[in-house]
There are 2 protein chains.
Amino acid sequence: MHPAESPRPSPQRRTRQRQAVDEILTGLAEFRTAQQIHDELRHKGDSIGLTTVYRTLQLMADAGELDAIRTAEGETAYRRCSGGHHHHLVCRSCGRTVEVSGPAVERWATAIAEEHGFREVSHDLEIFGTCQNC
Amino acid sequence: MHPAESPRPSPQRRTRQRQAVDEILTGLAEFRTAQQIHDELRHKGDSIGLTTVYRTLQLMADAGELDAIRTAEGETAYRRCSGGHHHHLVCRSCGRTVEVSGPAVERWATAIAEEHGFREVSHDLEIFGTCQNC
DNA sequence: TTCAGTGCAAAGCTTTTGCAACTAA
DNA sequence: TTAGTTGCAAAAGCTTTGCACTGAA
């Protein structure tokens with residue numbers, strides 16, 4: 001269900017398309033879907049196939065360079081992430097995202113899972129709200 | 001992104017199909033997708049359309065009778081739930097689910113969101129692990 | 001020169017919708 | 001009787017795959 005990610009090797013060739021995706025993601029504080037990124041690149045004048053965007057994002061996520069979440073609409077959204085374990089505080093309206101972490105929550109989750117006899121515990125936590133600007 | 005659910009009115013007619021879905025869900029401690037429920041009903045000999053299963057599950061979820069989660073594979077899985085706010089401890093292997101709740105986590109999530117200027121805060125939290133039997 | 005990478009078209013999947021037939025109340 | 005339900009077929013959306021072509025190293 002949520003397999004531990006085994007960091008794959010990074011892509012081997014630096015292509016124009018991969019650089020473009022990489023740049024879009026840089027300095028962006030929101031989650032974006034493959035289709036959104038594809039649209040943005042096209043509007044910017046870059047030529048790139050939707051398939052390539054999908055594949056590039058998957059590679060980057062597999063390599064641990066991106067965080068991926070599933071939206072309520074069934075899409076997969078990506079965002080560059082810092083290493084280490086953390087969670088997200090996401091604006092429902094504009095999508096702005098803040099990375100947060102809370103050791104207390106980690107401990108609570110592990111403790112309650114073990115209490116019920118569960119091992120190899122992991123968890124997903126996303127916080128949603130409306131940010132100041134929205 | 002995660003709109004507050006406004007509990008719709010429950011279905012108005014008690015049909016054979018809706019009773020069948022209801023019964024499958026009763027006493028089941030795991031999340032099931034629409035397709036899984038459809039399969040189980042068919043194997044049991046009940047005749048029901050996949051479309052009807054989808055619609056019935058949506059109605060029940062809208063009425064607050066079911067919890068819905070998105071699997072990593074992109075499917076929506078449902079499970080009968082108790083009222084009130086709670087989270088799930090899910091077995092990665094067999095799908096067995098335990099409802100858990102932690103006031104401390106709720107407070108933490110709300111606090112950290114407000115700290116960042118977010119209002120109307122909600123959150124999603126699922127804990128995964130391997131249960132004793134697996 | 002080579003083989004990873006690209007992108008179009010087509011296929012795959014889950015879920016939703018149109019609509020005529022059906023049925024609970 | 002009649003309005004809510006059903007279910008097939010078709011459509012909609014997101015994502016993946018087949019495959020011939022392209023281009024980075």
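In the text below, chain A, chain B and the rest are named by the order of the sequence lines, each starting its count at 1.
- More than 12 heavy-atom neighbours from other residues, nucleotides or ligands sit within 6.0 angstrom of CZ on B:Arg119.
- Using a 4.0 Å cut-off on heavy atoms, the residues of residues 43-57 of chain A that approach DNA chain C are A:Ser47, A:Ile48, A:Gly49, A:Thr51, A:Thr52, A:Arg55, listed by number.
- Straight-line distance from the CD atom of B:Gln19 to the C1' atom of C:dT23: 14 Å, rounded to whole Å.
- In this structure, NE2 of A:His38 is placed 17 Å from P of D:dG13, rounded to the nearest angstrom.
- A salt bridge links B:Arg80 with B:Asp22: the distance from a Lys NZ or Arg NE/NH1/NH2 to an Asp or Glu carboxylate oxygen falls below 4.0 Å.
- Residues A:Ser82 and A:Glu99 bring a donor and an acceptor atom of their side chains to less than 3.5 Å of each other.
- Going from atom CG of B:Asp62 over to atom P of C:dT16 covers 10 Å, rounded to whole Å.
- A:Glu73 has its CD atom 16 Å from the C1' atom of D:dT15, to the nearest Å.
- No side-chain donor-acceptor contact under 3.5 Å links B:Arg70 and A:Thr71.
- Judged as a side-chain contact (heavy atoms from CB on, under 4.5 Å), and not counting sequence neighbours, the contacts of B:Val105 are A:Val105, A:Trp108, B:Leu125.
- In the set C:dT15, D:dT5, D:dG7, D:dG7 carries the atom at the smallest distance from any side-chain atom of B:Arg16.
- Summarising the geometry, the separation between CD on B:Glu75 and P on D:dG13 is reported as 21 Å, rounded to the nearest angstrom.
- One interatomic measurement links the two molecules: CD of A:Gln58 to C1' of C:dT6, which rounds to 15 Å at whole-angstrom precision.
- Two end axes, each from the C1' atoms of five base pairs, can be drawn for the helix from C:dT1-D:dA25 to C:dA25-D:dT1; they diverge by 30°, to 10 degrees.
- Judged by distance alone, with hydrogens and angles left aside, A:Arg14 brings no side-chain donor or acceptor close enough to the base of D:dA24 to form a pair under 3.5 Å.
- Not a single donor-acceptor contact under 3.5 angstrom links the side-chain atoms of B:Arg18 to the base of D:dT5.
- Residues B:His38 and B:Tyr54 keep their aromatic ring centres 6.0 Å or farther apart.
- Rounded to an integer number of Å, the gap from CZ of A:Arg42 to P of C:dG7 is 8 Å.
- Rounded to a whole Å, the CD atom of A:Gln35 is 11 Å from the P atom of D:dG13.
- Between A:Arg92 and B:Ser122, the side chains place a donor N or O and an acceptor N or O closer than 3.5 Å (distance only, hydrogens not considered).
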### Task
Would you please test A:Glu40 and A:Arg42 for salt bridge (Lys or Arg N to Asp or Glu O under 4.0 Å) and show each step?
CA-CA 5 Å; A:Glu40 286 184 38; A:Arg42 282 281 166 98; over 6 Å; no
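- Within the 4.0 angstrom heavy-atom criterion, no nucleotide atom of any strand lies near A:Thr33.
- Using bins of under 30°, 30° to 60° and over 60° for the plane-to-plane angle, the ring pair B:His87/B:His123 lands in the tilted bin.
- The side chain of A:Gln17 approaches C:dT6 more closely than any other nucleotide in the set C:dT6, C:dT23, D:dA25.
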